[in-house]
Amino acid sequence: MPCRTTTESGLTQNPTTKPFVEVLCGRRQPVPPLWMMRQAGRYLPEYRELRARAGGFLDLCFTPEYAAEVTLQPIRRFNFDAAIIFSDILVIPYALGRSVRFEAGEGPRLDPLDTPDKVGTLASTGDFAKLEPVYEALRRVRRELGPKIALVGFCGAPWTVATYMVAGRGTPDQAPARMMAYRHPEAFAKIIDVLVENSIQYLLGQLKAGADVLQIFDTWTGVLPPREFQRWSVDPTRRIVEGVRRQVPDAKIIGFPRGAGAQLPDYVEATGVDGVSIDWAAEPSLIRERVQTKVAVQGNLDPLVLIAGGEALDRAIDDVLANFAGGRFIFNLGHGIQPETPIAHVEQMVQRVRAYRG
């Protein structure tokens, strides 16, 4: 979604503003916009009911009626400032013809690309007809959302998606992908290159279908040393941002390099993102002085304190607001909401953030 522009007479050309988008356009809001990563999910009974009816997880993602409904459920309950389309970061490997399945209680399973020979079987271009259900779900949600609520599309960053493709599953520290990147950097770079190009096309399709903002999730950057972080996280993300903006110059993009720590300022500088999502361990003064002065910041309540609730939750919310609400800021969690989170605690958080005036 483009930022508002001002005419010579001083009138704005876009009368309906979305606070979430305004922050990414450089305009701090007196009450920070609020949403949660994984806000459409298992902590909601209405989600669990629909999930059971849908069957498999991918059936839920690829049935537009279901995916749209799940996306809208937390908006109806909490009136968040943004809805994020219900999907998964592994839909790109699926479009590339890889076997992707989700096993109950165990997470995703793929056919491993753990040798250079296997990498040679990877298609270079995905079948985006397979992702048409995601676009249709976006169109449906766009029609239902209020005019001030933003719609977020997303993809997994190439490094994070590649870690699952190499190992065929999630592992404690994603060692299989790290090892392959060291032993066979050319083969690993091919996976990254394919993911970059296909992620660009996927994100452009989401913008066309109605997304206002895009987020690039790099969940596993925290396991990378600085040199590898630059090569496998920063550079591919920069290429995606540049590729999207070649066709949509004013596209608003948030990066989430989870665990980047002190490398966040360099990530922001190099990638060209409009905002960066920070995890709960981020050092506040570093973020305020070297990140928030350049881009919008999103975060960073610990998901566990949202489970704890009570005075601990109030203190943690106040700390986040005190640290970041003085600048361009979007209130969110430092990672996705946990399934066991009480709904009353989410309501407590919403009420306290919305009562802030700064």
### Query
Any chain of hydrophobic side-chain contacts (each under 4.5 Å) joining Val23 to Val31?
no
### Message
Would you say CZ of Arg183 has more than 12 non-hydrogen atoms from neighbouring residues, nucleotides or ligands within 6.0 angstrom?
### Response
no
### Sidechain N-carboxylate O distance under 4.0 Å for Glu65, Arg140
no
### Message
Let me confirm one number: the CZ-CG distance from Arg178 to Asp173, rounded to the nearest 0.5 Å.
### Response
5.0 Å
#### Entry: Phe154 backbone acceptor or donor facing Gln206 side chain under 3.5 Å
yes
### Message
Test your reading of the model: is there a side-chain donor-acceptor pair from Arg38 to the backbone of Ile337, 3.5 Å cut-off?
### Response
no
### Query
Are a donor atom and an acceptor atom from the side chains of Asp266 and Gln230 found within less than 3.5 Å of each other?
no
### Between Gln39 and Gln73, a side-chain donor and acceptor under 3.5 Å
no
### Query
Are the aromatic rings of Phe329 and Tyr356 close, with centres under 6.0 Å apart?
no
### Message
Surrounding CZ of Arg76 (heavy atoms of other residues, nucleotides or ligands, distance under 6.0 Å), is the total greater than 12?
### Response
yes
### Task
Give a yes or no on whether Met349 and Leu321 share a hydrophobic cluster (residues Ile, Leu, Val, Met, Phe, Trp, Tyr; joining criterion: side-chain heavy atoms under 4.5 Å apart).
yes
### Query
For atom CD of Glu340, is the number of surrounding heavy atoms from other residues, nucleotides or ligands below 6.0 Å larger than 12?
yes
### Message
Between the side chains of Arg352 and Asp318, is the shortest nitrogen-to-carboxylate-oxygen separation below 4.0 Å, so that they form an ion pair?
### Response
yes
### Query
Would you find a donor on one side and an acceptor on the other, under 3.5 Å apart, between the side chain of Arg28 and the backbone of Ala325?
yes
### Task
I would like to know whether Phe188 and Trp232 meet ring-ring contact (aromatic ring centres under 6.0 Å, His included); could you show each step before the answer?
CA-CA 9 Å; Phe188 191 75; Trp232 302 122; 4.8 Å; yes
### Query
Relative to Tyr135, does Lys208 satisfy both conditions: NZ or CZ under 6.0 angstrom from the six-membered ring centre, and within 45 degrees of the ring's axis?
no
### Evaluation steps, side chain to side chain contact (heavy atoms under 4.5 Å, CB included), between Gln351 and Phe78
CA-CA 9 Å; Gln351 183 177 5; Phe78 307 112; over 6 Å; no
### Task
Please answer whether the main-chain N or O of Ala157 pairs with a side-chain N or O of Thr160 as donor and acceptor at a distance below 3.5 Å.
no
## Note on the structure
So CH2 of Trp220 and OG1 of Thr171: to nearest 0.5 Å the spacing works out to 6.0 Å
### Residues Arg51 and Asp59 bridged, charged N to O under 4.0 Å
no
### Query
Would you say His345's side chain and Leu306's backbone share a donor-acceptor pair under 3.5 angstrom?
yes
### Query
Does Asp274 use its side chain to pair, donor to acceptor, with the backbone of Ile253 at less than 3.5 Å?
yes
### Query
Judged by atom type as modelled, is there a donor-acceptor pair below 3.5 Å linking the side chain of Asp111 to the main-chain atoms of Gly168?
no
### Message
Within the 4.5 Å heavy-atom criterion, are Leu72 and Val141 side-chain neighbours or not?
### Response
yes
#### Entry: Closest contact, heavy atoms only, Pro93 versus Leu110
CB-CD2, 3.9 Å
#### Entry: NZ-CG distance between Lys130 and Asp127, expressed to the nearest 0.5 angstrom
5.5 Å
### Task
Treating Ile, Leu, Val, Met, Phe, Trp and Tyr as nodes and any side-chain heavy-atom pair under 4.5 angstrom as an edge, say whether Phe331 and Ile343 lie in one connected cluster.
yes
### Message
Using ring centroids (six-membered ring only for Trp), state whether Phe86 and Tyr47 fall under 6.0 Å.
### Response
yes
### Message
What's the separation between atom CD1 in Ile84 and atom OG1 in Thr71, rounded to the nearest 0.5 Å?
### Response
9.0 Å
### Task
Starting at CG of Leu34, measure out to CZ of Phe80 and round the result to the nearest 0.5 Å.
5.5 Å
### Query
Between Lys18 and Asp81, is the closest basic N to carboxylate O distance under 4.0 Å?
no
### Query
So, Thr341 versus Gln338: side-chain donor-acceptor pair below 3.5 Å or not?
no
### Query
Are a donor atom and an acceptor atom from the side chains of Gln298 and Trp35 found within less than 3.5 Å of each other?
yes
### Query
Are the side chains of Leu24 and Arg328 in touch, meaning some heavy atoms are under 4.5 Å apart?
no
### Query
To the nearest 0.5 Å, what is the distance between CZ (Arg142) and CZ (Arg139)?
13.0 Å
### Message
Among Val248, Val152, Leu207, Leu204, which residue satisfies the side-chain contact (heavy atoms from CB on, under 4.5 Å) criterion with Leu214?
### Response
Leu207
#### Entry: Side-chain (Gln29) to main-chain (Arg27) donor-acceptor, under 3.5 angstrom
yes
### Query
Is a side-chain donor or acceptor of Glu22 paired with a backbone partner of Thr17 at a separation under 3.5 angstrom?
no
### Task
Please step through ring-ring contact (aromatic ring centres under 6.0 Å, His included) for the pair Tyr94 and Phe62, ending with a clear verdict.
CA-CA 11 Å; Tyr94 174 78; Phe62 289 136; 5.0 Å; yes
### Message
Please tell me whether Arg239 and Thr237 have a donor and an acceptor in their side chains that are separated by less than 3.5 angstrom.
### Response
no
### Message
Between Glu283 and Ser285, is there a side-chain donor-acceptor contact under 3.5 Å, judged purely by atom types and distance?
### Response
yes
### Query
Is Arg245 reaching over with its side chain to a backbone N or O of Ala251, donor-acceptor style, under 3.5 angstrom?
yes
